[in-house]
Structures are given as structure tokens and as C-alpha cells.
Amino acid sequence: MKPGIVLFPGINRERDMAIALERAFGHAPRMVWHTETDLGDLDLLVLPGGFSYGDYLRCGAMAAQAPVMGAVRAHVARGGYVLGVCNGFQILTEAALLPGALLRNAGLRFISADCHLRVERTDTAFTAHWQPGAVFRAPMAHGDGNYFADAATLDRLEGENLVAFRYATAGGEVTAAANRNGSARAIAGILSPNLRVLGLMPHPEDLVDRLLGGEDGAPLFTALAAA
Amino acid sequence: MKAVVTVMLKDGVLDPQGKAIGQALAGLGFAGVGEVRAGKVIELELAETDPSRAQAAAEAMARRLLANTVIESFRVAVETA
């Protein structure tokens with residue numbers, strides 16, 4: 001699988017993402033600039049975190065209209081893999097490649113802290129290297145991570161088993177206190193119906209090395225490399 | 001011709017910014033303020049001179065980019081003066 005990272009002006013987490021991908025895939029990802037329209041033979045597109053276009057208008061709204069997004073849409077339509085983290089998740093929702101939206105955190109504050117994510121299904125290319133019911137630690141760093149969708153959309157996501165991760169305690173319990181940004185039904189990450197597009201707010205790519213505090217996020221990338 | 005697009009969070013979508021403004025107003029001693037909602041106003045200078053076509057164009061822009069209709073509603077006012 002050949003990974004690429006899609007870069008928009010204002011994105012600032014692409015280097016962490018490149019390190020995580022290179023460790024798992026054994027080769028460096030291709031960097032794709034927001035003006036490019038030919039993605040070549042990339043199998044996995046990663047939209048990393050940051051503040052694309054300064055979060056102007058709404059987080060991800062400008063990036064969703066960038067020239068490269070036509071190629072991203074075509075890649076998704078072909079059944080290609082896409083991973084969106086933090087601002088990348090916001091961009092995917094603004095582009096309507098995933099449902100819902102990310103609102104201002106319920107407490108209004110930017111949250112920079114570790115959280116725990118419960119893995120809701122392990123039969124996907126993104127989550128296959130976790131055990132069923134696994135809980136892992138991931139840093140979160142966002143001001144707008146409060147997942148919102150209308151009740152019918154939330155019911156459909158749950159009914160079709162498309163919730164990938166939920167905010168939980170270290171023991172795997174979903175509680176109001178563990179859901180610090182106030183996300184609907186404690187949703188931290190969701191999948192597309194074909195299970196090829198994943199968006200999540202926290203940053204697994206920031207925990208892929210013991211020297212940086214742990215390897216809790218590494219299974220996401222090793223699973224993708226093996227898919 | 002100017003079109004003014006007002007974008008607000010839909011009813012039922014939590015507006016923590018509006019809540020915080022309301023609490024700040026109460027803290028300043030302004031009594032009798034009910035719910036506060038915060039939104040944004042976008043002014044568009046349009047080359048179009050026909051009001052109904054300007055209205056339709058601004059609405060199309062709002063649906064496509066200015067508002068995220070998953071969470072926001074919008075209204076367009078065309079200023080003919």
C-alpha cells in the first residue's frame with residue numbers, strides 16, 4: 001500500500017504523520033500539495049491535523065474546496081483508503097465524505113490532553129491490529145472536536161456499526177467525564193459505509209515511539225500497512 | 001448590489017459561544033437577557049443588478065460554502081439601495 005499525505009496551507013502535523021507512516025510502511029509517504037490534481041498510484045491518502053487556511057469560515061471549510069479535493073473524491077469513489085485526523089476529519093466532514101460536523105468543544109476551551117479511545121470494531125483495515133474491546137491512549141489537541149450529527153444520522157452510524165472509536169475511560173467505560181469535548185454519543189471517530197474512509201479527532205500518530213511516551217497509536221498504522 | 005448573508009447555528013445545535021456571551025452579560029449586570037445565540041454576517045458585493053437573481057446567487061453561495069447546512073441555517077438579504 002502506497003501512502004500519501006495531503007497538505008493544505010496551515011496544516012502543521014504532517015511531519016508527525018509522515019514519521020508514523022514511514023515506521024509502519026517502511027518507506028516515506030508522498031507529500032501531495034493542495035494544488036495537485038493527480039494522485040498517481042497512491043492507495044492511502046492521509047489528511048493530517050493543523051489549521052488549514054487558518055480555520056477561516058469554519059474548520060476545514062476552505063480545504064474542502066481546494067483543487068486537490070476533486071482527486072480525493074475520485075479516490076474515495078474508487079474505494080481508496082482515506083484517513084483524516086483532527087483537522088483532516090473536519091475537512092472530510094466539510095467535504096461531505098463523512099457525515100456530521102465538528103462543533104466548538106462543549107466547554108469552549110481548546111483541549112490539549114491525552115484521552116482514551118475504545119475501539120468499537122476491529123474488522124477494518126484501520127483497526128485490525130487492536131483486540132476487540134481494546135482501549136488505547138491518544139493525545140487530543142483541538143478546539144472544535146465536538147462531533148455533531150442529527151439523531152437520524154447518529155442512529156444510522158450506530159445501526160450500520162460505523163462508529164470506529166469512542167471517548168472512554170482507561171478501563172473502557174464511556175462516561176460523560178471521559179467525553180471532554182461533548183461529542184454526540186461520545187463519538188471520536190467514524191467510518192464510511194465501505195469502511196475505507198476513517199476520520200477521528202485525536203492523534204494516534206503522536207504515540208508511535210517509546211521515546212515519545214508510548215506506542216499506543218501504532219496499531220492504526222501497522223494495520224494499514226498490512227491491509 | 002450588496003447581499004448580506006447571516007449564518008446561525010440551527011436550533012438544537014449547542015451554541016457554547018452564545019452561552020458564554022450570555023453569562024458575561026449577566027456578569028456585567030445586564031438583567032433580563034434570555035437566550036443568546038452567536039452567528040456570523042458575510043457581506044457580498046455582487047455585480048448582479050437584478051435583486052431576485054442576486055438573492056438566488058447568494059443563496060447558492062451560502063449552500064455551497066458560506067454555511068454548513070448540517071449545523072447552520074442562513075438567510076440572505078439583498079440591499080437594493
Side-chain angles (χ1 to χ4, degrees), chain A residues 52-67 69-70 73 87 89-111 142-154 156-157 176 179-187 190 199, chain B residues 2-28 30 33-48 54-79:
Chain A
S52 57
Y53 302 88
D55 279 348
Y56 288 175
L57 192 62
R58 296 177 303 276
C59 302
M62 296 297 171
Q65 312 296 332
M69 289 305 290
R73 286 178 193 283
N87 193 210
F89 184 18
Q90 294 164 339
I91 294 166
L92 291 175
T93 60
E94 279 287 342
L97 291 169
L98 287 173
L102 283 310
L103 298 174
R104 182 67 49 91
N105 292 343
L108 273 177
R109 288 193 172 86
F110 190 99
I111 303 172
H142 59 248
D144 301 74
N146 178 354
Y147 185 73
F148 172 88
D150 60 38
T153 302
L154 293 170
R156 180 180 65 78
L157 285 171
N179 181 16
R180 293 185 55 184
N181 60 25
S183 289
R185 304 190 193 178
I187 289 172
I190 55 171
Chain B
K2 188 189 267 184
V4 179
V5 183
T6 304
V7 181
M8 300 294 295
L9 285 171
K10 283 180 178 171
D11 289 340
V13 176
L14 183 70
D15 178 9
Q17 203 171 201
K19 272 210 173 91
I21 294 167
Q23 285 163 9
L25 288 173
L28 288 169
F30 290 101
V33 180
E35 197 189 6
V36 179
R37 311 272 295 167
K40 49 183 118 116
V41 172
I42 299 161
E43 293 185 350
L44 306 167
E45 197 66 57
L46 302 178
E48 181 62 62
Q55 174 88 19
E59 284 177 5
M61 294 174 208
R63 268 191 297 277
R64 182 81 194 279
L65 177 66
L66 306 181
N68 177 346
T69 55
V70 173
I71 51 172
E72 294 169 326
S73 60
F74 65 86
R75 60 176 184 269
V76 173
V78 172
E79 294 179 0

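Letters A, B, ... are given to chains in the order of the sequence lines, protein chains preceding strands, and every chain is numbered from 1.
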Q: Give a yes or no answer on whether the side chain of A/Ser183 reaches the backbone of A/Tyr147 with a donor-acceptor pair at less than 3.5 Å.
A: yes
Q) What do the steps show when you test A/Leu154 against A/Ile187 for side-chain contact (heavy atoms from CB on, under 4.5 Å), and what is the final call? A) CA-CA 9 Å; A/Leu154 293 170; A/Ile187 289 172; 3.9 Å; yes
Q: With sequence neighbours excluded, tell me which residues meet side chain to side chain contact (heavy atoms under 4.5 Å, CB included) with B/Ser73.
A: B/Met8, B/Lys10
(Q) For A/Phe110, I'd like to know if atom CZ has over 12 heavy atoms of other residues, nucleotides or ligands within 6.0 Å. (A) yes
Q) Do any of residues 102-109 of chain A come closer than 4.5 Å to chain B, heavy atom to heavy atom, and if so which ones, in number order? A) A/Leu103, A/Arg104, A/Asn105, A/Ala106, A/Leu108
Q | Partners meeting side chain to side chain contact (heavy atoms under 4.5 Å, CB included) with B/Asp15 (sequence neighbours left out) | A | B/Leu9, B/Gln17, B/Arg37, B/Ala38
Q: Quick one: list whatever passes salt bridge (Lys or Arg N to Asp or Glu O under 4.0 Å) with B/Glu59, sequence neighbours left out.
A: none
